[in-house]
Amino acid sequence: MTDPGDSPAPEVPPIEQPYHYRRQELVEPDWRRLPGWRDVTAAQWHDAQWQRAHCVRNARQLRAVTGGGLDEKFYDDLAEDQEHMATMAMLVTPQMLNTMAPETAADSQGYGDAFQADPIRRYMIPVRSDRDPRWPSHPLSSRDSLHEAEMWVVEGLTSRYPTKVLAELVSTCPQYCGHCTRMDLVGGSTAQVDKQRLRLRPADRQEAILGHLRRTPGVRDVVVSGGDVANVPWPRLESFLMRLLEIDSVRDIRLASKAWWDCPSTGSSRRWWPASRGSPGSPRSGASTWPSTPTPTTPGR
């Protein structure tokens, strides 16, 4: 017990935070600051099909979008990483690429440095110089770091816990993160990783998953993922979910998708969201969407 006469503990100086958080209005950067998209209309930009069709998949396409904004040193760095280190193929949606160096026009002098330093660029388009020379990846990283495929009870259904399962319906995503922990399955093969393939037909895989869940009433929580459920054709996804809802023992169903932030137009696309489920953004549909009347901003204005 502390004696009342003891002197108070010395004050500890505040720790300087490494990152200063700023509150600012979230406004979509003007895509027209990038040479390859100067003639893209707002209607095109906010169409999910246009976004999917114009994803950046390689250095040639990145050059076409950024013009001369990135120097050869960057492309050499990118090629070095893709040849020797990359575990994921490059696939970046226009809306995600547009968030990199958002306040700098591609034809301005500082664009290359801003793009190189951008945290989202490091996340989506890693280059060799980003990696620590000694630890280029996590020391325990492996093809299947979370051992999900080892725990398949049927193809695509990971059963790690008694009451929870992970259902992988598809092995692709709208875009590929450079650090993906499902690198063994997701996306196209790279120089470093010859990807595992789902062997069953999608309909047969879904039926096998549902059959196991019907026989296993202890499972209450199902995470539906992949890949990304946004890449599952809607009629196929709806059919799976409706049959999943018919299993009385399943009480929680979670859809795992990053599509609403890497391609926000997905949620507002009439081609993706069926009329039978209500309008996008309505209480019935539960979807959040990009504003219908965006206000692009141009750097320097």
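Bear in mind that the values here come from a model prediction, so they are computed numbers and not experimental data. In what follows, residues are counted from 1 in the order of the sequence shown.
You'll find the side chain of C263 reaches within 4.5 Å of the side chain of Q95, heavy atoms only. Contact annotation: the side chain of L244 approaches that of L210 to within less than 4.5 Å [non-hydrogen atoms, C-beta and beyond]. A 4.5 Å side-chain heavy-atom check between F240 and I209 finds at least one atom pair inside the cut-off. Between R52 and N231, some side-chain heavy-atom pair lies under the 4.5 Å cut-off. Side-chain contact between V92 and C55: absent, with no pair of heavy atoms (C-beta onward) separated by less than 4.5 Å.
Nearest heavy atom pair, residue P174 against residue A230, reads CG-CB, 4.1 Å. In terms of heavy atoms, H212 sits closest to L157 at CD2-CD2, 3.5 Å.
No side-chain donor-acceptor contact under 3.5 Å links N58 to the backbone of M90. Judged by distance alone, the side chain of S108 and the main-chain N or O of A105 form a donor-acceptor pair under 3.5 Å. Under the 3.5 Å distance criterion, the side-chain polar atoms of R121 are matched with a main-chain donor or acceptor of I125. Remark: the backbone N or O of E148 is paired with a side-chain donor or acceptor of T158 at under 3.5 angstrom. The backbone N or O of A149 sits less than 3.5 Å from a side-chain atom of D144, completing a donor-acceptor pair. With hydrogens and angles ignored, the 3.5 Å screen pairs a side-chain donor or acceptor of D130 with a backbone N or O of V127. In terms of modelled atom types and a separation under 3.5 Å, the side chain of Q82 and the main chain of A79 share no donor-acceptor contact. The main-chain N or O of S137 is never found under 3.5 Å from a side-chain atom of S141 such that the two would form a donor-acceptor pair. Formation of a donor-acceptor pair under 3.5 Å by the R197 side chain with backbone atoms of S171 is not found in this model. Counting only distance, with no hydrogens or angles, the side chain of T216 and the backbone of G218 share no donor-acceptor pair below 3.5 Å.
Crowding of Y123 atom OH: a count of heavy atoms from other residues, nucleotides or ligands under 6.0 Å exceeding 12. For D39, the CG atom is loosely surrounded, since the number of other residues' heavy atoms within 6.0 Å does not exceed 12. Under a cut-off of 6.0 angstrom, the local environment of CD in E150 is crowded, with over 12 non-hydrogen atoms contributed by other residues, nucleotides or ligands. Heavy atoms from other residues, nucleotides or ligands lying under 6.0 Å from NZ of K195 number more than 12.
Remark: D71 engages no residue in a salt bridge (charged side-chain N to carboxylate O under 4.0 Å, His left out) (not counting sequence neighbours). Residues meeting the side chain to side chain contact (heavy atoms under 4.5 Å, CB included) test with S249, sequence neighbours left out: P217, I247.
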**Request:** Report the C-alpha separation of R143 and V193 in whole Å, then their side-chain angles, then the decisive distance to 0.1 Å, and conclude whether the side-chain contact (heavy atoms from CB on, under 4.5 Å) test is met.
**Result:** CA-CA 8 Å; R143 287 180 60 108; V193 182; 3.7 Å; yes
**Request:** Verify salt bridge (Lys or Arg N to Asp or Glu O under 4.0 Å) between R63 and E72, making sure each step is shown before the conclusion.
**Result:** CA-CA 10 Å; R63 285 180 191 270; E72 289 304 315; 2.8 Å; yes
**Message:** Run the salt bridge (Lys or Arg N to Asp or Glu O under 4.0 Å) test on E207 and R214 for me, step by step, so that the C-alpha distance in whole Å, both residues' side-chain angles and the decisive distance to 0.1 Å come before the verdict.
**Reply:** CA-CA 10 Å; E207 193 54 50; R214 294 186 188 107; 3.2 Å; yes
**Stepwise side-chain hydrogen bond (donor to acceptor under 3.5 Å, both in side chains) test for N98 and R32** = CA-CA 9 Å; N98 188 41; R32 292 165 296 192; over 6 Å; no
**Request:** I would like to know whether D107 and R38 meet salt bridge (Lys or Arg N to Asp or Glu O under 4.0 Å); could you show each step before the answer?
**Result:** CA-CA 12 Å; D107 54 5; R38 285 207 172 121; 2.8 Å; yes
**Request:** Please assess E83 against R128 for the test side-chain contact (heavy atoms from CB on, under 4.5 Å), listing each intermediate value before the final yes or no.
**Result:** CA-CA 10 Å; E83 182 176 354; R128 185 64 180 89; over 6 Å; no
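Using cut-offs of 30° and 60° for the angle between ring planes, the W31 and H46 rings count as perpendicular.
The one candidate from R254, R251, R160 that meets the salt bridge (Lys or Arg N to Asp or Glu O under 4.0 Å) condition with D221 is R254.
L166 belongs to a hydrophobic cluster with V223, counting contacts under 4.5 Å between side-chain heavy atoms of Ile, Leu, Val, Met, Phe, Trp and Tyr, direct or through other members.
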